[in-house]
Amino acid sequence: MSSNPVAETVASLMPRARAELTELVAFRSVADFEQFPRSESEGAANWVADALTAEGFQDVALLDTPDGTQSVYGYLPGPEGAKTVLLYAHYDVQPPLDEAGWQTPPFELTEREDGRWYGRGAADCKGGVIMHLLALRALKANGGVPVHVKFIAEGSEEQGTGGLERYAEAHPALLEADTIVIGDAGNFRAGLPTVTATLRGMTMLRVRIDTLEGNLHSGQFGGAAPDALAALIRVLDSLRAKDGSTTIDGLTPDASWEGLAYDEEQFRKDAKVLDGVELIGDGTVADRIWARPAVTVLGIDCPPVVGATPSVQASARALVSLRVPPGIDAAEANKLLRAHIEAHTPWGARVSIEQVGQGQPFSADTSSPAYAAMAEAMAVAYPGQEMQYAGQGGSIPLCNTLAALYPHAEILLIGLSEPAAQIHAVNESVSPQELERLSIAEALFLRNYAAG
């Protein structure tokens, strides 16, 4: 890469990139304002806005979105008649979970012995903000940015509350572009350049079961009094077959993935599955995580073991997520999940279901010119490697909103969330080598795309 001026520039900018990512990671920008101060998210938004202003972006603005968060927008004009590219990332992050489980503080970017930079949001997706800035700086230092650039940094992607989606629908001209680069995906593994061709959608429900007016003594009433927690456990267990496959009445669970294979032993290592513990489901790993629906119980409200009393529980709640692959409508899957829960609630228990979030799956047109431009760029940024196409089990609902608003736009998904990054888990990290290579790839892509 040393003979490439763009690559040389990006390499020279890496110390600055680390310093900036350190500043950005320091904001505890979780868009759940019952747990984290709103001021932390506002601080991160202002940091992004200031960075865009410093890079010469025009019309920089903090957009107040309908879910009560802010997205950051800016416009960098290119040559007259040039194409327009929208660069997307998000500055909000997942909660750190168990901070005691972090080997270093979650909101202090820390380089460890393995050379990776650890911190919440380092890969997902504050690193994506830095990746976009690096690419643009490299181009500005080597002849200029050859396209018009729109930059959008979302403030509530991890919450799935749809603030930017609703804002974009109300202001459709704002994010219109010829091509959209979503910097919130990741390589299949570090060092293997990958674009994400499909995303699973998602529906999320909060389920509550009530059986009694209040808790009862388990010695006096247990055995006849209906236990709400036991009823909830029955319902949740009904969502899986014996082998762990998702089984929701009416939902087809047997689709196949055509594309990059995922070796089972490699998956076990990536997922850090304990020795002797089996994987769940059937079919190939790629079938299970990219092409089929997958239910997950995200949380249960019930008494903790410490301090529990001998009581029959009167009520219990759970948060249930269903990942929905391309080919299945998320709204229809939501109806089937609701109906299944209601049908499998035992003993006439009262069940109430609250919708928490929902987003449609996404499938890209990988035959478009933008993909050819990206393949050429990645071949330079990753010498000797050919760009691969993979799926991703996660959801980015904004992709479908943008695809519907701008049907002629090409949408590419790249990013820093390769398996070793452990996004959403404790000890999230980013590979600085990936940040460097992908920044080079994005810069070269913009140049290739402009010339195509």
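Position 1 is the first residue of the sequence, and the numbers go up from there.
Using cut-offs of 30° and 60° on the angle between ring planes, the pair His171 and Tyr167 is parallel.
For the residue pair Ser417/Asp124, the side-chain donor-acceptor check at 3.5 Å is not satisfied. Side-chain atoms of Glu410 and Tyr371 include no donor-acceptor pair closer than 3.5 Å. Asp365 and Ser368 share no side-chain donor-acceptor pair at under 3.5 Å. Defined by atom type and a distance below 3.5 Å, a donor-acceptor pair is missing between the side-chain atoms of Gln392 and Trp290. Side-chain atoms of Thr69 and Ser156 form a donor-acceptor pair, as typed in the model, at a separation below 3.5 Å.
Electrostatic pairing of Arg120 and Glu428 counts as a salt bridge here, judged by a charged N lying under 4.0 Å from a carboxylate O. With respect to the salt-bridge test (charged N to carboxylate O, under 4.0 angstrom), the residues Arg16 and Glu20 qualify.
You'll find the ring centres of Tyr73 and Phe57 outside the 6.0 Å limit.
The closest donor-acceptor contact from the side chain of Lys140 to the backbone of Glu55 lies under 3.5 Å. Panel note: side chain Arg200, backbone Ile289; a donor-acceptor pair is recorded below 3.5 Å. Under the 3.5 Å distance criterion, the side-chain polar atoms of Asp92 are left unmatched by any main-chain donor or acceptor of Ala31.
Interatomic distance, Gln388 CD to Met378 CE, rounded to the nearest 0.5 Å: 10.5 Å.
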Query raised in the report: Does the pair Phe27 and Phe107 meet the rule for a ring pair (Phe, Tyr, Trp, His ring centres under 6.0 Å), with working shown?
Result: CA-CA 7 Å; Phe27 294 104; Phe107 294 101; over 10 Å; no
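With Tyr449 as the aromatic partner, Lys83 meets the cation-pi criteria of under 6.0 angstrom to the ring centre and within 45 degrees of the ring axis. The side-chain tip of Arg28 does not point at the ring of Phe36 from less than 6.0 angstrom away and within 45° of straight on.
When the options Thr401, Asp329, Asn400 are evaluated for a side chain to side chain donor-acceptor pair (under 3.5 Å) with Gln360, the one that passes is Asp329.
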